[in-house]
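Small disclaimer: the values here were computed from a predicted structure and weren't measured. Chain identifiers are assigned alphabetically (A, B, ...) following the order of the sequence lines, protein sequences preceding nucleic acid strands; residue numbering begins at 1 within each chain.
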2 protein chains.
Amino acid sequence: MNRFTEMHCSIAQAVGVVGEPWTPLILRDLFLGVRRFDDLAADLGVSRNLLTQRLERLMAAGVVERLPYQERPVRYEYHLTEAGRDIVPALTMLMAWGDKWSTPPGGPPALLIHSCGEQFTPVVACPHCGGEVTAESITMVGGPGAAPGPGTWVLAGGSGPVEAG
Amino acid sequence: MNRFTEMHCSIAQAVGVVGEPWTPLILRDLFLGVRRFDDLAADLGVSRNLLTQRLERLMAAGVVERLPYQERPVRYEYHLTEAGRDIVPALTMLMAWGDKWSTPPGGPPALLIHSCGEQFTPVVACPHCGGEVTAESITMVGGPGAAPGPGTWVLAGGSGPVEAG
DNA sequence: TCGACATAGTTCAGATTTTGAACTGACCGA
DNA sequence: TCGGTCAGTTCAAAATCTGAACTATGTCGA
């Protein structure tokens, strides 16, 4: 729980859980197979106490789970839960944005291969028409849970389409 | 510039620019049409000096631009640039994740309408086959810019597909 | 049985960042 | 001249993060 998770906004909810410093990179590493405390700390360069705290928060949020991989002494590995794996597509969009707008020297550090066999740049799509989702092609409207409060007055009351852009 | 933007990882690049506390919500508000300093501060509940700092960083990164909307006295509005609008699809994925895993009381605070006319939940897709991108359907491999260093050893050397999940 | 090593943390002082409230400065309108 | 608007700036206190050392549990080799 932090101030973001108390806002009536789904972006704030997500940011409150997976948007804290280091957390997206922790999730990336877990996805890539870096699962042990010392490996995460070494790979990321994050301080160990903060890593402890972030993993605790992610476990409390149900995004990460800790599983023993040996007894005597008991040692644990961290794994993404279903909710954690479900954030991976959003991470690929961040990666694509970083590649596009931050032009790393020598080209992208990593590439994505889809199960269809092709190397690809991910896009967000509308599942109804299959068309691409861009800032220009969408509108946000208040939903059933719309409520007044910080971060929501724009949509409060479900008062209809908001002109955006 | 911060320690994330110095890493050889596109996710870290993106997080370094748009992942600081409050920044995703600032971008959301700019997208929704909240453009003035006082409106942003009031809507978000962020301290004004931090808002100043975040907007400066976003302008330096080319994600936001400041345009005068009146003279005498000169007053400015903040707008998303092309790079800023380009992050919006990723924000919709965070929103969808928040809706799915954080079950807000009363339902989602906001809904998305695509230009095709349908209300939708965004998905990440492969532009080659149109298939959905999930943690299970993708593999990451080292790209041309792969380099050793914090946050990259997993992919360093372009040593081939990484088993993930 | 001793010492070195491995893993997964915890502790804590100092540095950095963020908050919250008040203040500044330019201008308008009555 | 007074009050209000807008876009910030200033600054002390609070919260967070870093970096290094330390703890705890158990293995292994000599």
Given [N], is OP1 or OP2 found less than 4.0 Å from the side-chain N or O atoms of [X]?
X	N	value
A/Trp22	D/dT16	no
B/Tyr69	D/dA7	yes
B/Arg3	C/dT17	no
B/Tyr78	D/dG8	yes

Quick one: does A/Arg36 reach the base of C/dT7 with a side-chain donor-acceptor pair under 3.5 Å?
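By the distance-only test, no, there is no pair.
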I'd like to know if A/Asn49 reaches the base of D/dG19 with its side chain, counting only an N/O donor and acceptor under 3.5 Å.
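Checked by distance alone, the answer is yes.
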Please report, rounded to the nearest Å, how far the [atom2] atom of [N] is from the [atom1] atom of [X].
X	N	atom1	atom2	answer
B/Leu55	D/dC6	CG	C1'	14 Å
A/Arg54	C/dA8	CZ	C1'	19 Å
A/Leu40	C/dA8	CG	P	9 Å
B/Ile26	C/dT18	CD1	P	11 Å
B/Leu50	D/dT16	CG	P	14 Å
A/Glu71	D/dG26	CD	P	11 Å
B/Glu20	D/dC17	CD	C1'	14 Å
A/Arg75	D/dG26	CZ	P	9 Å

Could you pick out which residue, A/Pro73 or A/Val46, lies toward the 5' side of DNA chain D when each is mapped onto its nearest nucleotide?
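Its nucleotide being nearer the 5' end, the pick is A/Val46.
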Side chain of [X] only, please: which of [options] is the nearest?
X	options	result
B/Arg66	C/dT19, D/dG8, D/dT27	D/dG8
A/Thr52	C/dG9, D/dT5, D/dT18	C/dG9
A/Ser47	D/dT18, C/dA8, D/dA7	D/dT18

Under 4.0 angstrom, heavy atoms only, what part of the nucleic acid is A/Arg72 near: base, sugar-phosphate, or nothing?
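Touches sugar-phosphate only.
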Touch class at under 4.0 angstrom, heavy-atom based, for B/Arg48 against every strand present
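Base: the residue B/Arg48, judged by heavy atoms under 4.0 Å, touches a nucleobase.
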Using the closest heavy atom to pick a nucleotide of DNA chain C for each, name whichever of B/Pro21 or B/Val74 lands nearer the 5' end.
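It is B/Pro21, whose closest nucleotide lies nearer the 5' terminus.
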Could [X] and [Y] be called an ion pair, given the rule that one side-chain N must be under 4.0 Å from one carboxylate O?
X	Y	result
A/Arg35	A/Asp29	no
B/Arg28	B/Asp43	yes
B/Arg85	A/Glu136	yes

Centre-to-centre under 6.0 Å for A/His114 and A/Phe120, is that the case here?
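So the answer is yes for these two rings.
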Report the distance from atom OG1 of B/Thr81 to atom CG of B/Asp86, rounding to the nearest 0.5 Å.
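Between atom OG1 of B/Thr81 and atom CG of B/Asp86 there are 9.0 Å.
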Take atom CD of B/Glu82 as the centre, draw a 6.0 Å sphere, and report whether it contains more than 12 heavy atoms from other residues, nucleotides or ligands.
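No, not enclosed.
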